[in-house]
Participant: 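This structure is in structure tokens; I'll ask about it shortly.
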Amino acid sequence: MDLVFRLRTNIETVLLGKSREVELALASFLAGGHILLEDIPGTGKTTLARAISASISGTFRRIQFTSDLLPQDVVGVHIFDADKRSFTFSPGPLFANIVLADEINRSNPRAQSALLEAMGERQVSVDTKTYPLPDPFLVIATQNPFELHGTYPLPESQLDRFNLRIRLSYPDRESELRLIRENTLASARDGLLPVIVPEQTRQIRALVERVTVRDSIVGYIYRIVEATRQHPLVRLGASPRGAIGLKSTSQALAFLAGRDFVTPGDVQKTAKATLCHRIFLKGEPGEASQADAGDAILAEILEAVPSPV
Amino acid sequence: MGAERRARIPAILWFSLRAHWALGLLPLAFLTEISRPALSLAAAAFAAGAVLDWNESPRRGWDRAASPLLVAVCAAAAGNLFAGSGDLLASVSLLLLGVQSVKFLLPKTHRDGWQLCAFSFLEFLAAAATTTEIQFAGFLFLFLVLSAGAMWALQVEEAAETGGAAAPRARPGFAVLLLLFSAVGGLLLTAALFAVTPRIGIGQFLRRLGNRESITGFSNAISLRDVTSVKVDRRVVARIEFPALAAGVSPPGLYLRGATYARFDGTRWSRARRPLAKVPKSGIHYVLSPPKAVPLSSAEIFLEPMDRPALFVYAGAVSLEGTLGEIRTDGQGNYLPAEGSSAVRYRMLFSREESRRGKRSPGPDGVYLTLPPASDGIRDLATLVTSQGSSDAERAELARRFFLSGFRYTLTDTASSVEEFLFRKKAGFCEHYATALTLLLRAAGIPARVAAGYQGGEWSDVGNYLIVRQSDAHAWTEAWIGGRWVTLDATPILGENSPFFARTGMFGMYVDWSRQRWIKYVVNYSLRMQAEAASGGWLALRRSGTRIRRFLGMPAGLSGRKIAAFGLALAALFLAWRMRGGGGSLFSGRKGAGDPPLPRPYARLLRRLAAGARRRSAGTPLEAMLRETVAGTPALLSHADRFLSLYHRDRFGPHSLSAAESAEAARLADLLRRGLPRTAGR
């Protein structure tokens with residue numbers, strides 16, 4: 001518990017005025033879900049990702065996604081070892097505890113798809129061989145909204161593999177004033193000390209899994225997910241993976257709050273981040289207003305589905 | 001006590017508490033006959049206490065006087081019981097009023113306030129038990145409304161006295177709602193019970209406890225002023241309905257006779273001294289005169305509560321019906337009810353004209369021809385006036401017409417004797433006319449007598465009944481012509497020129513109509529009337545049923561049973577439809593069926609939160625509602641936090657709560673529910 005608290009404060013010292021988002025990101029990390037950070041440039045996406053990774057004393061790699069990035073650049077390649085006269089695997093940047101996929105929607109779909117297997121099954125298949133990824137393995141991707149220049153929208157299957165999509169909006173006035181006062185372009189806040197080792201992460205995850213989820217809560221989650229599928233404006237609703245993500249993240253959130261059980265409030269707090277990017281509306285995909293409309297629909301569903309008491 | 005105490009109570013509550021205390025006295029004063037001096041004492045004590053309270057005069061030390069005063073009151077009540085009136089009811093009321101007065105004047109703690117409320121309530125009940133007045137409904141409503149305010153005020157006072165920490169025990173708003181609900185519900189329940197419970201005419205019993213006032217003017221002897229002195233009173237004496245009227249009978253023209261007088265000694269009329277005989281009864285009817293084959297009218301008379309020595313009947317009355325006890329008659333048109341009887345409602349059959357073919361009654365004796373001594377002038381006048389008449393009827397008509405010219409009706413410049421009226425002043429009122437005509441007829445050899453009672457009345461179009469007031473009191477002449485007593489009225493009909501004429505306005509008519517219905521259907525409602533109403537209603541139902549059937553063109557063979565079956569089937573369909581079509585919203589119908597039921601304290605808190613419009617939608621969890629609500633009241637924040645942690649652990653946690661924790665959660669839920677602000681704190 002103490003560890004978790006330190007982890008949290010550690011990250012919040014870097015990212016001012018974003019405790020909710022930090023909490024969610026942390027919860028997703030504890031639940032083992034990948035995180036997609038989305039917003040306009042300069043709001044602290046990369047800072048958050050770096051803060052989480054820096055707080056954990058695991059290996060950390062960063063992949064800067066560009067339009068000419070190839071799958072091999074991500075997962076690694078077999079190269080011919082002249083000494084052994086055989087092909088040996090040269091692991092790509094994906095083989096790390098935490099991978100920061102910066103500006104993921106700037107690369108073409110080919111490179112994006114290279115992440116699919118890694119994120120879903122925590123393993124990588126190159127040619128005929130399969131290599132397991134380290135544990136814990138977490139992908140934190142950042143992306144700019146679609147409408148900006150030079151972006152490729154992520155396909156549905158890719159989006160579904162992200163457990164959370166967090167949108168970092170502008171910080172509030174107080175936080176931003178402090179931000180402006182204390183920071184310069186040259187010296188960004190960085191240099192966090194790690195507070196947690198990968199083994200501890202595994203222990204905490206085991207604890208999170210033991211957080212009680214009563215049947216009424218499971219039913220609630222099911223009703224919410226089902227409602228997204230039946231909403232008349234929705235083309236594709238949330239997947240079962242989304243429902244599982246919702247449950248696990250709620251568990252982690254409850255754990256962060258010091259409880260050993262999930263309340264409807266936890267589910268409601270998590271639902272927007274876990275389900276919004278999994279709802280695809282009718283109409284032209286990738287339209288500018290889609291993301292906001294998804295938010296509105298989820299809010300409507302949360303209002304309408306009776307919460308357990 | 002003191003300044004800071006009243007400062008905590010809003011003025012309106014302060015007044016409503018005082019008004020509540022005083023309201024117990026009001027119906028007592030208006031509706032019952034509780035001792036007036038004791039009432040005035042209590043009212044004075046109340047006024048003094050209220051003024052002192054309002055000015056916050058310190059009364060420290062005064063309460064030492066309370067105990068001696070209470071002892072004195074007890075002594076006075078005991079003295080009244082053993083040495084005074086000896087009436088237990090009066091003594092108890094004296095005691096209650098005395099204790100109440102002491103408490104009005106010298107209150108010590110808030111408990112006195114509660115006791116005063118209890119007193120007020122007791123008095124109110126006492127008034128309710130003994131009243132027959134419709135105004136009581138108004139008192140009831142006022143009482144209930146003021147009770148709510150009073151309770152509220154006392155709660156506030158109590159809280160102020162005990163330090164203010166205690167949460168109020170009753171929600172004032174809830175109390176108001178409860179009281180209003182009980183007022184309406186009580187009224188409906190009473191109405192339902194009233195319709196189905198067999199009635200015995202409770203008015204008969206209540207009447208004895210209610211106020212009674214004597215009427216003068218119809219006693220054994222009357223002077224020349226007695227009837228007219230009654231006329232200045234505008235109070236209603238009786239209300240008369242006419243369920244059946246024979247042709248040619250007009251209610252405002254009827255004479256309601258209370259007494260006849262045979263002997264005149266120059267200044268006073270008195271009754272004929274005859275032995276009294278019992279009026280024979282046949283079934284439920286009192287037979288006043290043998291039945292005749294003439295069209296009969298019926299009248300239903302509802303008397304106001306007043307003591308009267310005589311029973312009023314219309315001329316030509318055939319039979320009476322009602323709980324009148326034993327009626328005695330002197331055979332001369334005087335009907336005397338049994339001693340102490342207070343008949344309030346009776347029915348009468350009467351005929352306007354009597355059958356000529358009937359058996360001739362024996363003629364009246366000499367007392368109806370006796371003139372007072374020294375009435376030669378009257379004899380001469382009688383000869384002069386009636387000499388041209390060939391029969392008794394013609395002579396009587398001539399005598400009556402004699403008064404049509406040269407005489408005027410006046411109340412001020414009146415004659416003191418008949419001679420003065422006839423020969424000098426020629427001005428007077430109905431007794432003068434009646435006496436003079438009677439004496440003229442006697443002088444002309446026609447047996448005659450004076451009758452006193454009420455003439456006509458005001459016809460109410462609103463309720464179709466006759467309102468007879470004291471101002472309709474009248475005296476007239478009856479002459480024995482053709483074997484029966486004929487009504488002759490020499491008094492000019494003044495109509496609107498009468499000094500006693502007053503027309504009841506539209507509003508007054510409706511008020512009077514409501515009183516008439518109250519008296520008829522509440523105070524004097526009896527089993528018999530109930531049965532009549534039921535049979536009448538059943539007949540009306542049958543009639544309207546056939547009418548509807550004819551209107552719809554339905555064959556008469558279509559039985560009611562089929563229609564009922566059809567209606568039942570429709571109702572069942574409707575119910576089934578209602579049960580099926582519950583879900584209007586897209587998601588609301590899908591609440592998890594397996595969820596354990598919500599324990600009662602939580603459910604009540606949830607309802608309370610939802611009622612306060614805190615529940616924006618079905619999806620808002622209890623936690624969000626509660627947090628939003630208590631945001632405005634910092635005192636509850638810690639309670640809310642503690643409650644939420646317990647509640648969450650109970651409802652969503654891995655283990656159920658221990659017994660102590662459950663109790664604590666229930667207690668907190670209760671506390672929060674009570675302490676929540678009524679309106680959204682935003």
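Hydrogens, waters and symmetry mates play no part in the numbers below; they use all other heavy atoms, side chains included. So that the names make sense, note that chain A is the first sequence line, chain B the second, and so on, each numbered from 1.
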Participant: For B:D650 versus A:R214, what's the shortest heavy-atom pair and its separation?
Facilitator: O-NH2, 3.4 Å
Participant: Using non-hydrogen atoms only, which part of A:Y222 is less than 4.5 Å away from chain B: side chain, backbone, both, or neither?
Facilitator: neither
Participant: Quick check: closest heavy atoms across B:E623 and A:T263, and the distance to 0.1 Å?
Facilitator: OE1-OG1, 4.3 Å
Participant: Calculate, to the nearest 0.5 Å, the distance between atoms CZ and CZ belonging to A:F261 and B:R651 respectively.
Facilitator: 12.5 Å
Participant: Counting only heavy atoms not in A:R202, do more than 12 sit closer than 6.0 Å to its CZ atom?
Facilitator: yes
Participant: Checking B:F652 against A:V213 for the side chain to side chain contact (heavy atoms under 4.5 Å, CB included) test, could you report, in this order, the C-alpha distance in whole Å, the side-chain angles of both residues, the deciding distance, and whether it holds?
Facilitator: CA-CA 7 Å; B:F652 306 112; A:V213 184; over 6 Å; no
Participant: Quick check: do A:D260 and B:P654 have side-chain heavy atoms less than 4.5 Å from each other?
Facilitator: yes
Participant: Compare every heavy atom of B:P621 with every heavy atom of A:P264, then report the nearest pair and how far apart it is.
Facilitator: CB-CB, 4.2 Å
